[in-house]
S.K.: 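Structure incoming, see below.
On a predicted model such as this, the values are computed, not experimentally measured, just so you know. Whatever order the structure lists them in is the order used to number ligands and atoms, beginning at 1.
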Amino acid sequence: MRIETKAIHEGWKPGKGEARQVPISQSTTFKYDTSEEMGKLFDLEAEGYFYTRLQNPTNDAVAAKICAMEGGVAAMLTSSGQAANFYAIFNICETGDHFIASSSIYGGTYNLFGTTMKKMGIECTFVDQTLPEEELAKYFKPNTKAVFGETITNPTVTVFDFEKFARLAHSHGVPLIVDNTFATPVNCRPFEWGADIVTHSTTKYMDGHGVGVGGCIVDSGNFDWMAHADKFPGLTTPDESYHGITYAERFGKGAYITKATAQLMRDFGSIQSPQNAFYLNLGLESLHLRMERHCSNALAVAKFLKNHEKVAWVHFAGLEGDEYYDLAKKYMPNGTCGVLAFGVKGGREASIKFMDKLKLASIVTHVADAKTCLLHPASHTHRQMSEEQLLEAGVNPDLIRLSVGIENVDDLIEDLKQALD
Ligand SMILES: *Cc1c(COP(=O)(O)O)cnc(C)c1O
């Protein structure tokens with residue numbers, strides 16, 4: 001199946017007389033006939049559901065669809081994109097460990113990695129992702145356990161150089177984890193370029209209608225934990241909280257997601273509600289259609305802004321001449337996403353004034369859904385950052401993040417035009 005067909009048919013495969021659409025298993029618990037059957041589930045000796053904090057059939061069906069779309073071997077849904085990125089790292093990093101992340105990532109992830117995980121004794125070094133390979137190699141330490149980046153960065157919309165970072169990660173014996181939220185598997189499949197684990201905020205294009213916060217982690221199954229056993233004891237040595245199971249031995253390619261479910265979901269409980277997973281599945285069914293329109297609308301808007309005398313600059317990797325155009329063509333030949341960044345002449349103040357004049361596009365703390373919206377990171381999502389941190393993250397104080405929706409593009413351009421005027 002091609003990706004459009006997977007988006008419709010993967011995940012839930014009903015038997016005779018069963019619901020055609022994925023049913024919502026709105027149940028906290030699941031019934032068994034004998035105490036022994038239940039015991040086996042607790043010991044991870046049998047597969048099955050027992051409590052929704054760990055796993056739920058609706059969630060698993062939807063995770064399986066995303067897994068198929070990404071080309072992975074195992075996946076899990078989480079309550080949010082934040083939970084997905086936290087689990088993705090914490091599943092392989094312990095106190096005393098270190099990992100490397102691109103400095104131009106989503107503000108929420110930057111705080112999670114730089115502040116909150118630091119309190120857990122896990123150190124993150126943020127790097128300029130445009131540095132040459134030999135410069136980036138200097139940031140690796142003996143306790144480095146992962147490399148993290150975003151396919152298309154939020155909000156600066158730069159493009160991640162997968163091949164460069166996959167070479168770096170693998171030559172240092174660690175996995176490459178990529179947040180593929182903005183591109184979605186429709187436009188980019190990071191596993192095909194060497195990423196080992198993919199994360200998503202499904203809150204964005206996958207849901208697509210702004211109805212439910214959610215996240216997802218997908219494992220390619222390609223990283224050989226046993227080959228680097230000393231670095232990843234959590235996967236390669238017995239888990240005392242599961243009667244001495246060694247995940248990489250017992251579960252092979254499913255080890256990473258099994259551990260994240262059995263330990264992290266059990267202990268932190270950031271499960272997605274089955275109702276939200278149902279909405280997410282509806283979004284996934286039309287994702288390929290919407291991404292096409294998001295991309296064509298955003299390209300037309302980017303061209304309009306680029307040619308407007310009151311616009312200082314435009315970043316959109318799908319636009320010819322953009323700094324990231326070539327990388328985008330390589331990794332996302334069918335289009336990038338609907339998000340672009342630009343600045344209005346007159347700096348920070350002019351940008352804010354322009355935003356307040358818009359009638360159709362709304363100012364919201366959201367991005368990547370059907371409705372066109374925008375936000376000024378320096379005064380919203382990134383307001384806790386100093387001017388210096390902002391510049392390090394590539395966020396100009398005048399940067400406006402515009403998320404182009406799937407409305408008629410002429411209506412969008414007319415709105416932007418009147419506001420600029
Ligand atoms: C929104 C976002 C997140 C966080 O996801 P939530 O669902 O809001 O928790 C992580 N990464 C990227 C790229 C995002 O855009």
Side-chain angles (χ1 to χ4, degrees), residues 59 62-63 66 70 76-90 101-117 124 126 129 148-160 162 177-188 190 195 197-218 264 268-273 276-277 279-280 283-284 287 291 294 298 315 317 332 336-341 364-369 371 373-375 377 380-382 384 393-395 399 401-405:
N59 291 13
V62 179
I66 296 172
E70 285 287 4
M76 68 197 285
L77 296 189
T78 57
S79 56
S80 65
Q82 287 297 106
N85 283 330
F86 171 57
Y87 281 20
I89 297 289
F90 197 61
S102 158
S103 62
S104 33
I105 51 173
Y106 174 65
T109 315
Y110 190 93
N111 287 333
L112 169 69
F113 291 173
T115 307
T116 301
M117 293 190 74
C124 176
F126 294 104
Q129 63 175 12
F148 182 96
E150 282 176 14
T151 304
I152 304 171
T153 57
N154 176 3
T156 47
V157 294
T158 61
V159 176
F160 190 66
F162 289 95
I177 304 177
V178 175
D179 180 332
N180 196 31
T181 298
F182 271 17
T184 83
V186 170
N187 282 340
C188 182
I197 290 146
V198 157
T199 62
H200 283 281
S201 165
T202 62
T203 318
K204 314 297 163 55
Y205 289 119
M206 284 188 169
D207 168 311
H209 304 78
V211 298
V213 172
C216 184
I217 309 172
V218 189
L264 304 186
F268 294 106
S270 315
I271 195 83
Q272 186 164 141
S273 85
N276 277 5
Y279 293 133
L280 169 57
L284 289 169
L287 181 64
M291 286 313 287
H294 279 295
H315 288 324
M332 291 167 275
T336 51
C337 68
V339 184
L340 53 89
V364 296
T365 309
H366 190 41
V367 63
D369 83 24
K371 301 171 190 71
C373 61
L374 75 175
L375 160 146
H380 306 139
T381 45
H382 290 58
Q384 72 294 335
V395 181
L399 183 147
R401 183 186 73 187
L402 176 65
S403 172
V404 181

S.K.: Only heavy atoms of Glu150, strictly under 4.0 Å: list the atoms of ligand 1 that pass.
M.R.: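 With Glu150 as reference, the close atoms of ligand 1 come out as 13 (C).
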S.K.: Does any non-hydrogen side-chain atom of Val404 lie less than 4.5 Å from one of Leu340?
M.R.: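 Leu340 reaches Val404 side chain to side chain.
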S.K.: Return yes or no for this condition: an N or O of Gly81 is under 3.5 Å from an N or O of ligand 1.
M.R.: yes
S.K.: Does Gly214 come within less than 4.0 Å of ligand 1, judged by its heavy atoms?
M.R.: yes
S.K.: Considering heavy atoms of the protein only, find what lies nearest to atom 7 (O) of ligand 1 and give residue, atom and distance to 0.1 Å.
M.R.: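 Going by distance alone, atom 7 (O) of ligand 1 is nearest to Thr203 OG1, 2.6 Å.
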S.K.: Would you mind checking which non-hydrogen protein atom is closest to atom 2 (C) of ligand 1, with the distance to 0.1 Å?
M.R.: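 Here the nearest protein heavy atom works out to Lys204 NZ, 2.4 Å.
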S.K.: Which atoms of ligand 1 have any heavy atom of Ser80 under 4.0 Å away?
M.R.: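 Going through ligand 1 atom by atom, the ones under 4.0 Å from Ser80 are 7 (O), 9 (O).
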S.K.: Could you tell me if the side chain of Leu399 sits less than 4.5 Å from the side chain of Pro155, heavy atoms only?
M.R.: yes
S.K.: Check for a donor-acceptor pair, side chain of Ser80 on one end and backbone N or O of Gly214 on the other, with a separation under 3.5 Å.
M.R.: no
S.K.: Do the side chains of Met332 and Ile152 get nearer than 4.5 Å, heavy atoms only?
M.R.: yes
S.K.: Heavy-atom distance under 4.5 Å between the side chains of Thr336 and Asn187, does that happen here?
M.R.: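 They are not in contact (no side-chain heavy atoms under 4.5 Å apart), so the answer is no.
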S.K.: Within the structure provided, determine whether Thr156 and His315 are in side-chain contact (heavy-atom separation under 4.5 Å).
M.R.: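 The answer is no, as the side chains (C-beta and beyond) never meet within the 4.5 Å cut-off.
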S.K.: Starting from atom 4 (C) of ligand 1, locate the nearest protein heavy atom and write down its residue, its atom name and how far away it is, to 0.1 Å.
M.R.: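 Looking at atom 4 (C) of ligand 1, the protein heavy atom closest to it is Tyr106 CE2, 3.4 Å.
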S.K.: Among Thr181, Thr153, Asp179, whose heavy atom sits nearest atom 10 (C) of ligand 1?
M.R.: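 It is Asp179 that holds the nearest heavy atom.
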S.K.: For ligand 1, which atoms sit closer than 4.0 Å to a heavy atom of Gln82?
M.R.: 4 (C), 5 (O), 6 (P), 9 (O)
S.K.: State the atoms of ligand 1, each with its element, that fall below the 4.0 Å cut-off from a heavy-atom position in Phe182.
M.R.: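 Heavy-atom distances to Phe182 below 4.0 Å select 15 (O).
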S.K.: Tell me, do Leu374 and Arg401 make a side-chain contact under 4.5 Å, heavy atoms counted?
M.R.: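 No, every pair of side-chain atoms sits at 4.5 Å or beyond.
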